[in-house]
K.L.:
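Following this message is one structure expressed as structure tokens.
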Amino acid sequence: MDVGVYTRRIKAHILYNHLATSELSEGYLEALIDHETLASIIDHKNYNPRTIRAITDSLNTEGVSAAEYPDFCISSLDRPNDLWEKPFRNIPDKCRHLLIGLFFCSESGARISDLRLVFDATHAAMCEQFRIGSGPKDFEQALKILESGFVAISATTVSFINPSLRDYLQEYLKDIALLKIIVPTAQLASWAQDLWSYVQEVVKPTRDDRSQLLDGFRNVSKRLHLTPVFKKDEYATDNSYRYYDLALTNRLQLLLQWWAKFRDKDLVQAIHAFIANDKLRYSVWVDGLALPALISDFRNGKYRTFPRSEEQANLLEKKFIEVVGYDPSSDALAQMWDKVDLHLGSELSEQMTEAFQAAIQRHLDEAESVVDRLDSESELEDHQKALVKLASRIGGDADPALQHAKARICALNSETPDEPLEPVPEPKSREPDKFTDTEILSLFSTLRRH
């Protein structure tokens, strides 16, 4: 919700409407008007319709006198996450479990299907730990209860309705006993990564605290390879795929971060198994660019003390050679070789050199078929630049391929005649909406009941 598009007048009317329909007694309204706090509320940097609704809800003002109400409103805007304490405590357990699961998803929100996967595991663990009853419809019921008050549902995505709720949960989850239950429930590598970042950057656990979390990370490490990187989009009308979970090198880096922090033999075994897994297919654009650095780190970098580090480097080199053989685009190939130069340099093996030479030669030999697959002038221009760069590395002749690319650009230009540009209308100037303090007071004075 972009509050920045709200004018002062709109924000005043939002506050007015909430007060007019609230169950607050007349004394609270009188205090707010007489205290001259209205403008401070409307102009507050943390103004948000959700927060306004909260401070005008009689449930949140229990224990606050009418005389204290103006200061309560300002302090609530200063620290909006404090407002979530009572509402969060009053919702059913299944709702709290869903919000906890959502917290470790992307800040922009989560697919409903992904959130269900997260919820099912977290909810089951919490219910078992605290002996709470559960049912098959808990996810749907929790989502229904939380909608509009705690979360927003837009098409296929669930997100927090207000950033202050995330701020509240950030403090609430600083509990090692609670995290000990949550950690082993991670079903997605991306969720595990966000949880780990939270533990490291926000919780900042002591050594004893970390030892309590180790079993959970051991548990997750054994299944970090199971989820696909891409998955068929269940909501798409065509046969398209969507990015589903972390790239394989990102998962390996996460495992290595855990090992570096815990130095645990079970994590070593999980990493060995992950790298040796022949069923995992590494991608060109993410993994192809990350593998050279990982290979170097195992050989003489930060993971050189990792058990059997040279063996891991050799296995990863084989994975990298496979990626080079996937017939990547000329641009991807050029960037991968740049990464090799940066991280491996003189350590470039004969097998890796041969793989690159073969891939580049294919681009030069099959120039016509490669170029015919490109449909835009910008792609073709990038392809030309990459070809020149690649050909220079192996002493190849890029001229025939470049000539074909130029011919393809000419053909595309002839197929798409230039269209005259339509004039862009000048934006109409609009007077700023000045809603003065006097007008604000006049509006809210109508709330007086005598």
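Values reported hereafter were calculated over all heavy atoms of this structure, with side chains retained and with hydrogens, waters and symmetry mates removed.
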K.L.:
Which heavy atom of L387 sits nearest a heavy atom of L364, and at what distance?
P.N.:
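Answer, listing the atom of L387 first, then L364: CD2-CD2, 4.0 Å.
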
K.L.:
Run the numbers on L178 and M126 for side-chain contact (heavy atoms from CB on, under 4.5 Å), then give the verdict.
P.N.:
CA-CA 9 Å; L178 185 58; M126 298 284 272; 3.5 Å; yes

K.L.:
Pair D114, K231 - check salt bridge (Lys or Arg N to Asp or Glu O under 4.0 Å), show working.
P.N.:
CA-CA 11 Å; D114 298 350; K231 183 179 180 181; 5.1 Å; no

K.L.:
If you compare all heavy atoms of D245 against all heavy atoms of P228, which two are closest, and at what distance to 0.1 Å?
P.N.:
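In this case the closest contact between D245 and P228 is CB-O, 3.5 Å.
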
K.L.:
Would you say CD of E234 has more than 12 non-hydrogen atoms from neighbouring residues, nucleotides or ligands within 6.0 angstrom?
P.N.:
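Atom CD in E234 is crowded, with more than 12 foreign heavy atoms closer than 6.0 Å.
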
K.L.:
Do D331 and S329 pair up side chain to side chain, a donor and an acceptor below 3.5 Å, judged on atom types alone?
P.N.:
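Short answer, no.
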
K.L.:
Search all heavy atoms of V183 against all heavy atoms of F217 and return the closest pair with its distance.
P.N.:
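Nearest pair, atom of V183 first, then F217: CG1-N, 3.6 Å.
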
K.L.:
Show, in sequence, the C-alpha distance, side-chain angles and deciding distance for F306 and H272, and conclude whether the side-chain contact (heavy atoms from CB on, under 4.5 Å) test is met.
P.N.:
CA-CA 10 Å; F306 184 84; H272 283 165; 3.4 Å; yes

K.L.:
Name the residue from F88, F160, Y168, W84 that meets the ring-ring contact (aromatic ring centres under 6.0 Å, His included) definition with F150.
P.N.:
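One option only clears the test, and that one is W84.
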
K.L.:
Could you tell me whether E85 atom CD has more than 12 heavy atoms of other residues or ligands within 6.0 Å of it?
P.N.:
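Correct, the count exceeds 12.
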
K.L.:
Would you say the ring centroid of Y6 lies under 6.0 angstrom from that of H13?
P.N.:
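No; H13 has its ring centre 6.0 Å or more from that of Y6.
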
K.L.:
How long is the span from the OG atom in S76 to the CG atom in D71, to the nearest 0.5 Å?
P.N.:
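Answer rounded to 0.5 Å: 10.5 Å.
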
K.L.:
Assert yes or no for the condition that the ring centre distance of F139 to F119 is strictly below 6.0 Å.
P.N.:
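Ring centroids of F139 and F119 are less than 6.0 Å from each other.
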
K.L.:
Taking the six-membered ring where the residue is Trp, are the ring centres of F103 and Y172 under 6.0 Å apart?
P.N.:
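Here the rings of Y172 and F103 have centres that are no less than 6.0 Å from each other.
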
K.L.:
Taking the six-membered ring of Y282 as reference, does the NZ or CZ atom of K319 fall below 6.0 Å from its centre and within a 45° cone about the axis?
P.N.:
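No, K319 and Y282 do not form such a contact.
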
K.L.:
Using the salt bridge (Lys or Arg N to Asp or Glu O under 4.0 Å) rule, take E140 and K94 through it: C-alpha gap first, then chi angles, then the decisive distance, then the call.
P.N.:
CA-CA 10 Å; E140 290 83 0; K94 57 192 169 191; over 6 Å; no

K.L.:
Does a donor on one side chain and an acceptor on the other come within less than 3.5 Å for S330 and H383?
P.N.:
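There is such a pair between these side chains.
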
K.L.:
Looking only at side chains, do N48 and R53 share a donor and an acceptor under 3.5 Å apart?
P.N.:
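R53 and N48 do not have a side-chain donor-acceptor pair below 3.5 Å.
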
K.L.:
Taking the side chain as everything from C-beta on, heavy atoms only, tell me whether I52 gets closer than 4.5 Å to K11.
P.N.:
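Not in contact.
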
K.L.:
Out of the candidates H363, R362, Q361, only one should pair with D365 under the side-chain hydrogen bond (donor to acceptor under 3.5 Å, both in side chains) rule; please name it.
P.N.:
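For D365, the side-chain hydrogen bond (donor to acceptor under 3.5 Å, both in side chains) check succeeds only for Q361.
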
K.L.:
For atom NZ of K180, decide whether the heavy atoms of other residues, nucleotides or ligands shown that lie under 6.0 angstrom number more than 12.
P.N.:
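Open.
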
K.L.:
Any heavy-atom pair between the side chains of P205 and V199 that's under 4.5 Å?
P.N.:
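Yes, at least one pair of side-chain atoms sits under 4.5 Å.
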
K.L.:
Considering only heavy atoms from C-beta outward, does the side chain of V286 approach that of V229 to under 4.5 Å?
P.N.:
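The answer is no, as the side chains (C-beta and beyond) never meet within the 4.5 Å cut-off.
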
K.L.:
Please evaluate residues H44 and D78 with respect to the criterion side-chain hydrogen bond (donor to acceptor under 3.5 Å, both in side chains), reporting the C-alpha separation (whole Å), side-chain torsions for both, the decisive distance (0.1 Å), and the verdict.
P.N.:
CA-CA 8 Å; H44 200 284; D78 288 339; 2.7 Å; yes

K.L.:
Set out, in order, the CA-CA distance, both residues' side-chain angles and the distance that settles side-chain contact (heavy atoms from CB on, under 4.5 Å) for N46 and T51, then state yes or no.
P.N.:
CA-CA 8 Å; N46 292 332; T51 308; over 6 Å; no

K.L.:
Which label fits F298 and Y303: parallel for a plane angle under 30°, tilted from 30 to 60°, or perpendicular past 60°?
P.N.:
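F298 vs Y303 ring planes: tilted.
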
K.L.:
Rounded to the nearest 0.5 Å, how far does CG of D287 lie from OG1 of T249?
P.N.:
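The distance works out to 3.5 Å.
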
K.L.:
Tell me, do K339 and F320 make a side-chain contact under 4.5 Å, heavy atoms counted?
P.N.:
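Side-chain contact under 4.5 Å: no.
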
K.L.:
Is R299 close to N314 at the side-chain level, that is, under 4.5 Å between some pair of heavy atoms?
P.N.:
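Sidechains of R299 and N314: in contact.
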
K.L.:
Which word best sums up how the rings of H97 and H123 line up, parallel for under 30°, tilted for 30 to 60°, or perpendicular for over 60°?
P.N.:
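Judged by the thresholds at 30° and 60°, the geometry between H97 and H123 is tilted.
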
K.L.:
Got a sec: does the NZ of K86 have more than 12 other heavy atoms crowding it under 6.0 Å?
P.N.:
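Yes - once you tally the heavy atoms of other residues, nucleotides and ligands closer than 6.0 Å, there are more than 12.
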
K.L.:
Identify the heavy atoms of Q129 and I181 that sit nearest to each other, and give their distance.
P.N.:
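That closest heavy-atom pairing would be CG-CD1, 3.4 Å.
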
K.L.:
Hey, does T56 have a side-chain heavy atom less than 4.5 Å from the side chain of L15?
P.N.:
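Touching, per the 4.5 Å side-chain cut-off.
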
K.L.:
Return yes if a side-chain donor-acceptor contact under 3.5 Å exists between T206 and D209, otherwise no.
P.N.:
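Checked: T206/D209 side chains pair up, N/O donor to acceptor below 3.5 Å.
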
K.L.:
Quick one: does L173's side chain get under 4.5 Å of V202's, heavy atoms only?
P.N.:
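When only atoms from C-beta onward are counted, V202 and L173 do not touch, as no gap falls below 4.5 Å.
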
K.L.:
Would you say the side-chain atoms of H343 and D297 include a donor-acceptor pair closer than 3.5 Å?
P.N.:
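H343 vs D297: no donor-acceptor pair found between side chains.
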
K.L.:
Looking only at heavy atoms, which two atoms of S159 and L102 are closest? And how far apart?
P.N.:
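Residues S159 and L102, closest heavy atoms: C-CD2, 4.1 Å.
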
K.L.:
Is there a salt bridge (Lys or Arg N to Asp or Glu O under 4.0 Å) between E147 and K144? Walk through the geometry before answering.
P.N.:
CA-CA 5 Å; E147 188 176 7; K144 187 175 181 180; over 6 Å; no

K.L.:
Quick check on E107: does its CD atom have over 12 non-hydrogen neighbours (other residues, nucleotides or ligands) under 6.0 Å away?
P.N.:
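12 or below, so no.
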
K.L.:
For residues R223 and P184, report the shortest heavy-atom separation together with the two atoms involved.
P.N.:
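Heavy-atom minimum between the residues: NH2-O, 2.6 Å.
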
K.L.:
Is it true that R393 and D338 have a side-chain N and a carboxylate O under 4.0 angstrom from each other?
P.N.:
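Salt bridge between R393 and D338, a charged N being under 4.0 Å from a carboxylate O: yes.
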
K.L.:
State, yes or no, whether a side-chain contact exists between Y241 and D233 at a heavy-atom distance under 4.5 Å.
P.N.:
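No. Closest side-chain heavy atoms not under 4.5 Å.
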
K.L.:
Going from NZ on K385 to CG on L380, what distance comes out if it is rounded to the nearest 0.5 angstrom?
P.N.:
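Nearest 0.5 Å value for the NZ-CG distance: 12.0 Å.
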
K.L.:
Can you tell me if K302 has over 12 outside heavy atoms packed within less than 6.0 Å of its NZ?
P.N.:
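For K302, atom NZ is not crowded (no more than 12 foreign heavy atoms under 6.0 Å).
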
K.L.:
For the pair D382 and L374, evaluate side-chain contact (heavy atoms from CB on, under 4.5 Å) and give the outcome as yes or no after the intermediate values.
P.N.:
CA-CA 10 Å; D382 289 342; L374 303 178; over 6 Å; no

